[in-house]
Engineer: 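Quick one: the structure is below, and I'll ask about it shortly.
Every chain is numbered from 1 and lettered A, B, ... according to where its sequence line falls, protein lines coming before strand lines. Treat the numbers as computed from the prediction; the structure is a model and nothing was measured.
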Amino acid sequence: MASKLRKQEREVEKQLEVIGDGTVEVINVDELKAKLMRSLETGVPLRAKLGADPTAPDIHLGHSVVLKKLREIQDLGHEVVFLVGDFTALIGDPSGRSKTRPSLSPEEVEENAETYREQAFKILDPEKTIIDHNSRWAGPMTFRDVIELSGKYTLARMLERDDFRSRLDNNRPISIHELLYPLLQAYDSVALEADIELGGTDQKFNLMVARDIMREYGQEPEIAVIMPILVGTDGARKMSKSLGNYIGVGEPPEEIYGKVMSVTDEVMLDYYRVLRVSSETEIAEMEARIKSGEINPKDAKKELAKRLVKAYYDAKAAGAAETTFEKVHRDGGVPDEIPGLTPSSNPVDIVSLIREAGFASSNTEARRLVSQGAVYIDGERITDIESEIAIEGGEILKVGKRRFARLNAD
RNA sequence: GGAGGGAUACCCAAGCGGCCAAAGGGGGCAGGCUGUAAACCUGCUGGCAUUAGCCUUCGGGGGUUCAAAUCCUCCUCCCUCCA
């Protein structure tokens, strides 16, 4: 009996470690411990929730931080609910910014959600993931229900949120529905009776509200597992699709590889850490070696790029992406696979050729590229805007460092 | 209900009668260098034609003027304050 108990304790400790690894914060660890203990005793898995806003369907490395944690929890045998915020999406824009997002139709939401799911399942185990939609309970809610829900929270507490506080202080607008948002999200947890909710640090406030609201509804508050936010490829702002500084998990291998390579050395180290590509000790060691000059940061970055491609494709794709990258960027060569192009006339003037290849959106831009020395045919730089190119077939048009087309004689 | 502020190119933001295709920054693109699509330096960044030049753009319409992003007027939208 005593040994069984000890075994359980060890299991709980193990799970706590797995869940806590790489997090910024777990609120609250003691409560989590109690939940885990009870789960082991009763054999009922915990239910972990992740809310997904189906407005921007491309899952990127930033999302992967949270999804990966969810997968780990899943692998511990717990239940994972992937909650599509279709109802919230129909209302409009909840977060920060002033710009109103156009409301989406249910069809659009479903379409986005489908893409989202597909990509999320590159990380989550599709067999063990429960998909739900918050319209299921939020839709039938009456105004009366909403008032009741609103009555469980105060403005003062809402204003604890930095975002709201600073907007209020700076005389910037806060619309009412924005105040409702955390409540709605919190209610999702009530409806699901979630044990755990995942989120980035930017979600901390919402997660705390959820805990409070759950208590108000007589439930045990969920555990907030808070993950770090991943910085975008620009190294300045958080990774997000709308900022265009993201690396999508659904992008082609060469693209992922290349984008990782374009990131600064500093961001690279951050990616190693936040994406937990290596263990903390390995990363620390690597960092020291880079500092001492023992390792070239470039090689560390290549390793990162390769591992990430491997995570979303396989080792073969990673190798191929690396080969292509080396060929193009180190050796100034040509990738194996490049799109073909049959010009509308032969010979063609260089400006039309560039435009037909889609490498410039106007003649002026095409001319600019030529005069900047960005254009090559078979490795030979074209500097004369008037150049007429006679095509025999097989010539390689290169514009800039990374845009290629193979020309066909027609 | 009252008073005020604002809308400028991909984004932020100057300009407030001509010298404005419109400062500056960001982003993007290109070149150089390199360790790479890092960092750094330089250039370009409305379109057509590239010689000159022409056309379109400063929330929308209408005006004033030889000439407007800049002045007047109406409209639309956004924000703030007072009530």
Engineer: Quick test of your reading: applying ring-ring contact (aromatic ring centres under 6.0 Å, His included), list the pairs with at least one residue in residues 194-239 of chain A, sequence neighbours left out, ordered by first then second residue.
Structural biologist: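 Residue pairs with at least one partner in residues 194-239 of chain A: Tyr187(A)-Tyr217(A).
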Engineer: Output yes when at least one side-chain N/O atom of Asn363(A) is less than 4.0 Å from OP1 or OP2 of G47(B), else no.
Structural biologist: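 False: Asn363(A) side-chain N/O out of range (4.0 Å or more) of G47(B) OP1/OP2.
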Engineer: What are the residues of residues 368-375 of chain A, sorted by number, that bring a heavy atom to within less than 4.0 Å of RNA chain B?
Structural biologist: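 Here the set is Arg368(A), Leu369(A), Gln372(A), Gly373(A), Ala374(A).
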Engineer: Without hydrogens or angle criteria, can the side chains of Gln203(A) and Glu197(A) be said to hold a donor-acceptor pair below 3.5 Å?
Structural biologist: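 Their side chains do not contain a donor-acceptor pair, so the 3.5 Å distance test is not met.
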Engineer: Return no unless some side-chain N or O of Lys401(A) is found under 4.0 Å from OP1 or OP2 of G31(B).
Structural biologist: yes
Engineer: Identify the nucleotide, in any strand shown, that forms a Watson-Crick or G-U wobble pair with G1(B), with both distances under 3.5 Å; if there is none, say none.
Structural biologist: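 Base-paired to C82(B).
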Engineer: What does Arg381(A) touch in the nucleic acid at a heavy-atom separation under 4.0 angstrom: a base, only the sugar-phosphate, or nothing?
Structural biologist: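 If one applies the 4.0 Å heavy-atom cut-off, Arg381(A) turns out to touch the sugar-phosphate alone, with no base involved.
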Engineer: If I take atom CD in residue Glu386(A) and atom P in nucleotide A49(B), what distance separates them, rounded to the nearest angstrom?
Structural biologist: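 It is 12 Å, rounded to the nearest whole Å.
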Engineer: In Å, rounded to the nearest 0.5 Å, how long is the span from CD of Glu110(A) to CG of Asp86(A)?
Structural biologist: 7.0 Å
Engineer: So what does Lys302(A) touch, heavy atoms closer than 4.0 Å: a base, only the sugar-phosphate, or nothing?
Structural biologist: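 Touches nothing.
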Engineer: Please give, in whole Å, the distance from A37(B) P to Asp331(A) CG?
Structural biologist: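 These atoms are roughly 11 Å apart.
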Engineer: Considering only heavy atoms, which members of residues 321-330 of chain A lie under 4.0 Å from some atom of RNA chain B?
Structural biologist: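 Heavy-atom contacts with RNA chain B come from Phe325(A), His329(A), Arg330(A).
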Engineer: Categorize Asp299(A) for me: base, sugar-phosphate, or nothing, with a 4.0 angstrom heavy-atom threshold over every strand shown.
Structural biologist: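 The residue Asp299(A) makes no contact with any strand.
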Engineer: Side chain to side chain contact (heavy atoms under 4.5 Å, CB included) with Lys316(A): which residues, sequence neighbours excluded?
Structural biologist: Asp314(A)
Engineer: Does Ser362(A) have a side-chain nitrogen or oxygen under 4.0 Å from the phosphate oxygens OP1 or OP2 of C48(B)?
Structural biologist: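 Yes, such a contact exists.
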Engineer: With a 4.0 Å limit, can you tell me whether Arg403(A) has a side-chain N or O closer than that to the phosphate oxygens OP1/OP2 of C29(B)?
Structural biologist: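 Answer no for this pair, as no side-chain N or O of Arg403(A) is under 4.0 Å from OP1 or OP2.
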Engineer: Over how many whole Å does the gap from Asp349(A) atom CG to U50(B) atom P extend?
Structural biologist: 10 Å
Engineer: Atom CD1 of Ile295(A) to atom C1' of A38(B): distance rounded to whole Å?
Structural biologist: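 Roughly 16 Å, once rounded to whole Å.
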Engineer: If you look only at pairs with a residue in residues 361-410 of chain A, which of them pass as a ring-ring contact (aromatic ring centres under 6.0 Å, His included), with sequence neighbours excluded?
Structural biologist: none
Engineer: Please give the nucleotide sitting opposite G35(B) as a Watson-Crick or G-U wobble pair, both distances under 3.5 Å, or none.
Structural biologist: none
Engineer: Tell me which pairs pass salt bridge (Lys or Arg N to Asp or Glu O under 4.0 Å) where either residue lies in residues 73-83 of chain A, with sequence neighbours left out.
Structural biologist: Arg47(A)-Glu79(A), Arg71(A)-Asp75(A)
Engineer: In chain order, what residues pass the salt bridge (charged side-chain N to carboxylate O under 4.0 Å, His left out) check against Glu255(A), with sequence neighbours excluded?
Structural biologist: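 Glu255(A) satisfies salt bridge (charged side-chain N to carboxylate O under 4.0 Å, His left out) with no other residue.
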Engineer: Hey, could you give me each pair passing side chain to side chain donor-acceptor pair (under 3.5 Å) that has a residue in residues 364-373 of chain A? Not counting sequence neighbours.
Structural biologist: Ser361(A)-Glu365(A)
Engineer: In chain order, what residues pass the salt bridge (charged side-chain N to carboxylate O under 4.0 Å, His left out) check against Glu337(A), with sequence neighbours excluded?
Structural biologist: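 If we apply the salt bridge (charged side-chain N to carboxylate O under 4.0 Å, His left out) test to Glu337(A), skipping adjacent residues, there are no hits.
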Engineer: When the distance from CD1 of Ile385(A) to P of C48(B) is rounded to whole Å, what number comes out?
Structural biologist: 13 Å
Engineer: Measure the distance from CD1 on Ile247(A) to C1' on A37(B) and round it to the nearest whole Å.
Structural biologist: 11 Å
Engineer: Can you tell me the Watson-Crick or wobble partner of U65(B), both distances under 3.5 angstrom?
Structural biologist: none
Engineer: Arg38(A): which residues meet the salt bridge (charged side-chain N to carboxylate O under 4.0 Å, His left out) condition with it, sequence neighbours left out?
Structural biologist: Glu220(A)
Engineer: Would you mind reading off the distance between Glu365(A) atom CD and A9(B) atom C1', rounded to a whole angstrom?
Structural biologist: 15 Å
Engineer: Does G17(B) have a Watson-Crick or wobble mate here (both distances under 3.5 Å), and if so which one?
Structural biologist: none
Engineer: Would you mind reporting whether Met37(A) and Glu9(A) have side-chain heavy atoms less than 4.5 Å apart?
Structural biologist: yes
Engineer: For RNA chain B, what residues of residues 257-269 of chain A have any heavy atom nearer than 4.0 Å?
Structural biologist: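 The answer is Gly258(A), Met261(A), Ser262(A), Val263(A), Thr264(A), Asp265(A).
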Engineer: Filter on ring-ring contact (aromatic ring centres under 6.0 Å, His included), then keep only pairs touching residues 302-347 of chain A, sequence neighbours left out; what's left?
Structural biologist: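 The answer is Tyr257(A)-Phe325(A), Phe325(A)-His329(A).
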Engineer: Could you tell me the separation between the CZ atom of Arg367(A) and the P atom of G43(B), rounded to a whole number of Å?
Structural biologist: 24 Å
Engineer: According to the Watson-Crick and G-U wobble definitions, with both distances under 3.5 Å, which nucleotide is paired to C58(B)?
Structural biologist: none
Engineer: First locate atom CE of Met286(A), then atom CG of Leu269(A), and finally report the distance between them rounded to the nearest 0.5 Å.
Structural biologist: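 Answer for the CE-CG pair, Met286(A) versus Leu269(A), is 5.0 Å.
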Engineer: Quantified in whole Å, what is the P atom distance between nucleotide C78(B) and nucleotide G62(B)?
Structural biologist: 24 Å
